[in-house]
Every structure is written in structure tokens, then in C-alpha cells.
Protein chains: 2
Amino acid sequence: MTNQELKLKQAGFKITTPRQLILEVLKKYKTPLSAKQIYQYLPQIDLVSIYRNLKLLTNLKIIFQEIINNETFYYLDKKIHHHIVCQRCGRTECLPCNHKYKIKNFTNISHQLILSGLCNHCH
Amino acid sequence: MTNQELKLKQAGFKITTPRQLILEVLKKYKTPLSAKQIYQYLPQIDLVSIYRNLKLLTNLKIIFQEIINNETFYYLDKKIHHHIVCQRCGRTECLPCNHKYKIKNFTNISHQLILSGLCNHCH
DNA sequence: TTTATAATTGCAAATCATTTGCAATTATAT
DNA sequence: ATATAATTGCAAATGATTTGCAATTATAAA
Ligand SMILES: [Mn+2]
Ligand SMILES: [Mn+2]
Ligand SMILES: [Zn+2]
Ligand SMILES: [Zn+2]
């Protein structure tokens, strides 16, 4: 039983084939993937189930998400980090996060940083 | 002729009533607004025209945009800055930006930082 | 100050990501 | 093995945004 499967079980959710396959895809491709991209790798699973499971896994903090251009991307990575996206070809690269924000009048602060530019293939 | 109208004219676009009204609303309310929110203030203008004009004004860098929770918000502000959004009530507050990013393999880098938390009304 | 023309608008319908309802299927605890 | 609640798949709804097209309008030339 993988680490992620254990978290699922401990939270009282079933370990199902769709869930295992989605996690395998995220593990294999490393880069952040959208629901639709995951669906292309797993056409046997209903897109709706992919959406539902991505939401569940995100709630359980088994995976993480980032919204880029009105589309949500998911990635499996214990350590929080950021991404830079090429505005022409969509290539993404990961970047470390060492930010800490403290803001008056707000608590429970989380942050999302999206960098965008031209990769050297496209430049 | 306002500064924004001048930019429109110089770029070869017409100064129309919808465009003037949209800019007035953004000027009046200061906080970032979505197309739908602007439409609520300007029900006489077709929502589609609001979308088209927001896109045009953004391309011309007369206004700026930020995507929060899969919805695009627009604001009229010369100086780039960021926003913190209350995850419960949606209240937003502006924050200064003094970030500069330099990343290997990428040029033309721009960034978007979205902070989210609980405002002290909701906490 | 008309007039011509291209840009812009409004309305309907399309599109795209995501969600919801519901009956059929399946993982797990007994 | 069986019961049962969780999960799935399919269809249809939703919400944001875009597109096509005919009617309207801002602008600049006559
Ligand atoms: Mn960070
Ligand atoms: Mn910044
Ligand atoms: Zn690129
Ligand atoms: Zn709040």
C-alpha cells in the first residue's frame, strides 16, 4: 500500500482503481496536469470521476493544485513550490518556494505564485 | 479626454459609451471587479460587450487582470500590485509588489501572486 | 454637415471547464 | 458470502467566456 493509499484509507475513503491510476499518472509525469490531460492518459476512466477524485485528493492534501489560465492543474509533490509557464508553448518548470507572508487583518494565509514568460525554445 | 481614452484613440480604437462607462465603474469602485460585477453596475450594456472591452483594455494595458478562483477580475491601476482575498467572504485588499524574478531558461517574465486567507470579520 | 466605412454593439448560440443527479457498480467490514 | 455505504459512469446542468452575424455607431473624408 503506497503512502497516498494509506492517507486515503486513514481518512475513510476507498482505494479504487480510478484513484490508483490517477495517482500513478501524476507520479509518472511529474509536471502539473489538468483533469483533461489526465483523462487523455486514462480514457477508460470517466472525466467526471477524474474531476471528483482530483477534488478529493486535493482536500486530503494528497495532491496540490494551481490555477493557470482558468484551468486547474494538479501535481503530486510533498514540498510546496511554484511553476513558471511558457506563454507560447505551455511548458512548465518547477521552482522552489521560500516565501512567508504576514498580512495585517488576515489569518490562515496561503499563497499561489504563477510566473509566466517565454522559454528558450520559444524565444 | 481622459488618459485612458487617449490611449484608446492612439491605438486606433473608438471611444464608445460602453468603454467609457466600464472605465468609470473601475475608477469608481477601485477594488478588482469581474465582468459580471461590472455588468451589475451597467445592466444597459451587454455582458458580451463588457467581456470584449475588458479584453481589449487589458491588451492595451489600460487595465490589468488577475484570475481568482477561476474568475477573472479587472482593475485600473498604474502601479502593479497584488491582492489578498478572504476565502470566506471574498473581500479583497491590495498589497504592494516589490518582486523581481530572474529565472534560467525564461525571458519576459511576469508574475501573478494571489494570497488567500481569512479576514478578521470572518475569523 | 452630410456621407461612407470600418469598428463596435447586441443578441443568440457555441464552447470550455467544472459540477450535480441518479441509477448501477464496487470496495470493504462483518 | 453478504450487506451496505461509497464510488462510478452517463446525461444533463452550470458558470465563465467566446464566436457569428446582422444592426448600429463613431470617426474621418467629402
Ligand atoms: Mn511561494
Ligand atoms: Mn509581486
Ligand atoms: Zn515555450
Ligand atoms: Zn472575510
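Naming: A, B, ... by sequence-line order, numbering from 1 per chain.
- Contacts of B/Arg19 with the nucleic acid, taken as non-hydrogen atoms under 4.0 Å apart, involve only primed sugar atoms and P, OP1 or OP2.
- Summarising the geometry, the separation between CG on A/Leu8 and P on C/dT26 is reported as 19 Å, rounded to the nearest angstrom.
- Side-chain polar atoms of B/Glu93 and B/His83 form no donor-acceptor pair below 3.5 angstrom.
- In the set D/dG20, D/dT17, C/dT20, the nucleotide with an atom closest to the side chain of A/Val48 is C/dT20.
- For the pair A/Asn53 and D/dT8, the criterion of a side-chain N or O lying under 4.0 Å from OP1 or OP2 is met.
- Ring centroids of A/Tyr101 and A/Phe106 are separated by 6.0 Å or more, keeping the two rings apart.
- Considering only side-chain N and O atoms, B/Ser34 lies nowhere under 4.0 angstrom from the phosphate OP1 or OP2 of D/dA16.
- A close approach under 4.0 Å does occur between a side-chain nitrogen or oxygen of A/Ser49 and OP1 or OP2 of D/dG9.
- Here C/dA17 presents its P atom at 13 Å from OH of A/Tyr74, a figure rounded to the nearest Å.
- In this structure, B/Phe64 and B/Tyr75 have tilted ring planes: the angle between them lies in the 30° to 60° band.
- Here C/dT19 presents its P atom at 11 Å from CG of A/Asn59, a figure rounded to the nearest Å.
- Atoms CD1 and OH, from A/Ile22 and A/Tyr41 in turn, are 14.5 Å apart once rounded to the nearest 0.5 Å.
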Requested in this report: Determine, step by step, whether B/His82 and B/His111 satisfy the ring-ring contact (aromatic ring centres under 6.0 Å, His included) criterion, reporting the C-alpha distance in whole Å, the side-chain angles of both residues, the deciding distance to 0.1 Å, and the verdict.
Outcome: CA-CA 10 Å; B/His82 301 297; B/His111 71 278; 5.1 Å; yes

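- Between A/Lys36 and the phosphate of C/dA17, there is a side-chain N or O to OP1/OP2 separation shorter than 4.0 Å.
- Direction of the helix axis in the helix from C/dT1-D/dA30 to C/dT30-D/dA1 shifts by 30° between the two five-pair termini, rounded to 10°.
- The interatomic distance linking B/Leu56 (CG) with D/dT17 (P) rounds to 17 Å, in whole Å.
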